[in-house]
Structures are given as C-alpha cells and as structure tokens.
Amino acid sequence: MKSYHSLRDIRSEIANGQLSCRQLVAHYLHNIKQKPELNAFLELFEEEAFAQADAVDKKLASGQAGKLAGMVIGLKDVLAYEGHSLQASSQILNGFKSLYTATAVQRLLAEDAIIIGRQNCDEFAMGASNENSSFGPVLNADDPTRVPGGSSGGSAVAVQADLCLASIGSDTGGSVRQPASFCGVVGLKPTYSRISRYGLIAYASSFDQIGVISKSVEDAALLLEVMAGSDEYDSTVSHRPVPAYSQLLQSDKKYKIGYIRDCFESEGLDAEVKNTILGVKDMLQEAGHQLEAVEFPYLDYIVPTYYILTTAEASSNLGRFDGVKYGYRSENATDLTSLYKKTRAEGFGPEVQRRIMLGTFVLSADYYDAYYTKAQRVRRLIKDKTDELLQHYDFLILPTAPTTAFRLEENTANPLAMYLADIFTVQASLAGVPAISIPVGRDANGLSIGLQLMTRSFEEPQLLAFSNYILDKLTVEA
C-alpha cells in the first residue's frame, strides 16, 4: 500500500472503493512492526484501532462520518486517554492508567479519528533530541544515527516514516516545531490558549500548548479546527470562535514579512540551513512579497529566560509525583521522607531531576528576585517586542532550528548545547503567538531543513494559508 500525504488522498480512495479504514489501520500497523528500531511507539492500541476503523467504515457507508474519518493518528505520551497507560515516558508513572480523556483527544474521537497508539517522547517533554525517554531514544527515519528532535520525537518520526497520518504532540518551547524540522514534516504550535490543556500532563503551564504534526498544512488546519475552542475544564482556554481553518487555506495576498537579522547572523547557524532559508526569502521577494530585515535585540536572552521560567514551573508541577497517590513507589523507603526522596530519585531521569533542581533554585527565597522575577520582566520585554514587530509585519520568518538533525549522543554530555537547539523556537513560546515549521529543503546529507513562521495571536488562518502557499510554490519550482 502506498504512503498517504493527506486525509484528502485517503478519503478519495475510500470514496472510490479502493480503501477502507480497516485496511488503513492494517497498513500503518504493518509499517510500525516493520520499523521497531525507530522506537516511535510505546504502545499500540491494535484491537481498539480495528474496532474504531470498523465503526468508522460503517459511518462512511451511511454518510454519517465525522470530519476526521480516515485519519489515523498517534498520541504523544503526555495526553490523557481514559483507560490507557499514561507515563510521559517516565518510570515515575509506571503502571498508571488515565482516569479520563483529554478534551483535545475527546474532540478528535468525536469526529471519528482513529487512535493507533501512544508515542515515545522526552521524559515529561523535557528535551530537544528524544534521548531523555526512560524507554530509550527515538531514531530519525532519514538517518538512524541521528536524533529526531524533541520532545515530540516519536510523534514526528511516526509521521515521517508513515506509521500514522498525523500525531498530536505538545509544544512548550519548540517541542512540536523542532522535531518537525528535523523530520521533514509540518509542525504547528497554535496561539497559547487556543486548544484546551485539560488532560495534558503539565511541564510549564504558562507555555504548554497542544500542537499538531502532519504531512500537510491542510491536515494540520483540520486537526486544529477540531481541537480548538472553549472548554469548561480549562480556565485558561480562549473563548474566541473557532474559524473553519481547513476552508481558509487559499492566499493570494502580498504580505509584508520581517526576517530577524540577528538569527541569520548567529554563530551557531549552519550555513546550509541559512542559505536554504534565505533562498525561500528570495523566492518570496520575487513573487512580489515585501521582505525586510528586522532587529530583535533580545535573542541572547531568550534561552536563559525560557529555562529559568520553565524549570521554575516544572519544579512546582512535578511536585505531585511523590509515590503516594499514583505511579511508581520505591520499595527501599523506610519512612515518609525517604519514600518521597527515593521514589523521586529512582523514578525521574537525570534531565528531569536537573530541571527540577534548577527550578527549585530559582524559586528559593534568596534567588527568587534575582532570577525568577527578573526573567518574568524579560519575558514581558520579549513579548512586547515580538508583538510590536507583528504590528508592522504580517509574519516573521526564521529558521526553525540552527542545524539539521544532529548525531545521537552528540550533545548529551553538554546540556547547554542541547538547550541552544531551542534558540529559534522559544521566542514564539515566550510571546504566546502561533508558529509553524514547514519543510523547505535538505542539506548535503539529505537531512531536512525547516522554515519557521510566526504571526499575531489568533491569526492561524493567515499563518496556515501562507504556509500552504510557500509549500505549493516550492513544489512547483522543484
């Protein structure tokens, strides 16, 4: 069976009688079992997926199917799905099964999406390479000696390797966009609050956002359309009406676009990545769009601000995992204090422990004002400057990542180098604006290069339409 690029392709074959949802599930399960070395899935919902497929086939036959009928998706292991294991790729939640379903997941099921399994990720979504999972690293399907990016590495590889049509991930500082760039797929982080976070395991609550990884912008738009909207279970979610994103993908407007000069002058930016993104810039200029270099004076402060704030929030959010209520409990404890200490020391991996300790440090009485309060002020400066630029420009473009996929274990001994992999993605997260990564080329090693676009809050229709336009132009020129 061939590889499918979009739900439109699948629905066309179903309508022609060439394909059924049951056959589609069998196709993806076959692919997953053929490529176990990629380690993209932690668990397959095989029987359940076939049962869902049969139910959707009946709905399709009777003309009563939902918007996502024929869409086979995977869930990053941070999203609650009632009755299914939920671990955040950590031993601290070993044996835990979710008691309810995340709002976003429930909305997907209501529109007849078929969930095929639970996907590997960096433990508690903390990482840029998917090497921090307690279930082992995920491998990049283009080159198994390289990382897929993180933290949604399993989700990105599953789409890249045709193990499912789309994946639902989470993006705290680039965890959907950066792996999408490394794996040559589309990664969308919506505006903060656009999708309910109810049922998403919290890493840093003021940053976390459910996102989409897909092969096409059209599918990303459709999934966003289904998941977005108000939710009584999440007090931070937006109550704005949800546009029909999938119907708004045509764009013939000439845009004013800023490209952040500081990013292209960054010492860590790979030359092939730089030249590829600048090539897209030139193509857009030739097509009549207005592109101008803009200054963003806070680039050097983005990564430290992000890590101070997210580790602080993580140290608070992860305090609930103590061995008392659920999940892993140390067998070596002798009293309540040792139960807490040993459970957390044995259950959390090194990177999660590092971030909890950093967060506890910056929240301590002696350092709260020096670090946490100051970082909050810098976050406001970054947000205000980003919003100011987006008042003058329809989009900001920049690389998604400074390099293509790096080699396994290349940065594991150097946390700072690993953290700098997020340098171009965390701006949108700090500002809360929507951003997308789209594949725009490959380097000499055949590794994917992603272009990132940011736009104003809740302007996803414009962001998706323009992304679709760029990919169409690149296809034509190729």
Side-chain angles (χ1 to χ4, degrees), residues 1-10 24-25 27-42 44-45 49 68 70-79 104-105 108 113-122 130 138-144 146-171 174-189 210-224 226-227 400-401 404-405 436-440 442 447-450 464 467-468 471:
M1 190 182 286
K2 68 178 185 181
S3 172
Y4 292 98
H5 185 259
S6 70
L7 181 60
R8 182 189 296 271
D9 295 342
I10 289 170
L24 196 61
V25 168
H27 161 71
Y28 287 124
L29 287 171
H30 171 78
N31 286 357
I32 293 167
K33 292 172 183 178
Q34 288 294 306
K35 302 171 184 175
E37 70 281 359
L38 297 179
N39 201 26
F41 280 87
L42 299 178
L44 297 177
F45 309 147
L68 301 179
M71 175 81 79
V72 177
I73 62 173
L75 299 179
K76 182 178 179 180
D77 188 27
V78 291
L79 287 156
V105 176
L108 296 170
I114 298 167
I115 299 175
I116 200 167
R118 178 168 62 102
Q119 293 165 331
N120 202 349
C121 61
D122 281 303
N130 217 143
V138 177
L139 308 184
N140 192 310
D142 285 338
D143 181 349
R146 296 179 185 266
V147 303
S151 61
S152 306
S155 301
V157 167
V159 177
Q160 173 196 35
D162 195 39
L163 311 184
C164 60
L165 185 63
S167 297
I168 308 303
S170 65
D171 192 308
S175 288
V176 160
R177 290 163 286 152
Q178 186 249 21
S181 175
F182 280 10
C183 294
V185 292
V186 174
L188 171 68
K189 182 200 87 73
I210 291 171
V212 178
I213 296 174
S214 61
K215 292 183 181 178
S216 70
V217 172
E218 182 181 4
D219 284 352
L222 184 59
L223 287 163
L224 176 61
V226 168
M227 291 189 292
T400 307
T404 51
I436 192 170
S437 176
I438 56 174
V440 294
R442 293 187 178 271
L447 300 170
S448 174
I449 297 169
L464 291 160
S467 300
N468 206 40
L471 290 177

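Atom CD1 in Ile168 sits 5.0 Å away from atom CD1 in Ile73 (nearest 0.5 Å). One distance of note links CG of Leu29 with CG of Leu163; it measures 10.0 Å at 0.5 Å rounding. Atoms OG and CD1, from Ser167 and Ile116 in turn, are 10.0 Å apart once rounded to the nearest 0.5 Å. For the atom pair CD1 of Ile210 and CG of Leu79, the computed distance is 5.0 Å after rounding to the nearest 0.5 Å. The CG atom of Leu68 sits 5.0 Å away from atom CG of Leu222, with the distance rounded to the nearest 0.5 Å. Considering CD1 of Ile436 and OG1 of Thr400, their distance stands at 9.5 Å, rounded to 0.5 Å.
Although no hydrogens or angles enter the test, the distance criterion places a donor-acceptor pair under 3.5 Å between the side chain of Asn140 and the main chain of Phe182. Under a 3.5 Å cut-off, the side chain of Ser448 and the backbone N or O of Ser181 do form a donor-acceptor pair. A donor-acceptor pair is defined here as one N or O able to donate and one able to accept, closer than 3.5 Å; such a pair exists between the side chain of Asp171 and the backbone of Val176.
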>> Between Leu165 and Ser214, is the side chain to side chain contact (heavy atoms under 4.5 Å, CB included) condition met? List the steps.
In response: CA-CA 7 Å; Leu165 185 63; Ser214 61; over 6 Å; no
>> Assess the residue pair Leu223 and Leu108 against the criterion (side chain to side chain contact (heavy atoms under 4.5 Å, CB included)); give the C-alpha distance rounded to whole Å, side-chain angles, the decisive distance to 0.1 Å, and a yes or no.
In response: CA-CA 8 Å; Leu223 287 163; Leu108 296 170; 3.6 Å; yes
>> One pair to check against side chain to side chain contact (heavy atoms under 4.5 Å, CB included): Lys215 and Asp162. What are the steps and the verdict?
In response: CA-CA 9 Å; Lys215 292 183 181 178; Asp162 195 39; 3.1 Å; yes
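Asn120 has its side chain out of reach of Asp77: every pair of non-hydrogen atoms, C-beta onward, lies at least 4.5 Å apart. Between Pro439 and Val186 there is a side-chain heavy-atom pair separated by less than 4.5 Å.
Partners of Ser175 under the side-chain contact (heavy atoms from CB on, under 4.5 Å) rule, at least two apart in sequence or in another chain, are Lys76, Ser151, Ser152. Among residues two or more places apart in sequence or in another chain, the side chain to side chain donor-acceptor pair (under 3.5 Å) test is passed with Lys35 by none. The side chain to side chain donor-acceptor pair (under 3.5 Å) search around Asp142 returns Gln160, Arg442, not counting sequence neighbours.
For the residue pair Ser216 and Ser6, no side-chain donor N or O sits within less than 3.5 Å of a side-chain acceptor on the partner.
The two residues Leu464 and Val217 come nearest to each other via the heavy atoms O-CG1, 3.3 Å. Pairing each heavy atom of Val157 with each of Pro148, the nearest pair is CG2-CB, 3.3 Å. Here the shortest heavy-atom pairing between Cys121 and Asn130 reads C-ND2, 3.1 Å. Closest approach of Ile32 to Phe41, counting heavy atoms only: CD1-CE1, 3.7 Å. Heavy-atom minimum distance, Lys33 versus Leu44: CE-CD1, 4.4 Å. Taking all atoms of both residues into account, the shortest heavy-atom contact from Gln119 to Ala158 is NE2-CB, 3.4 Å.
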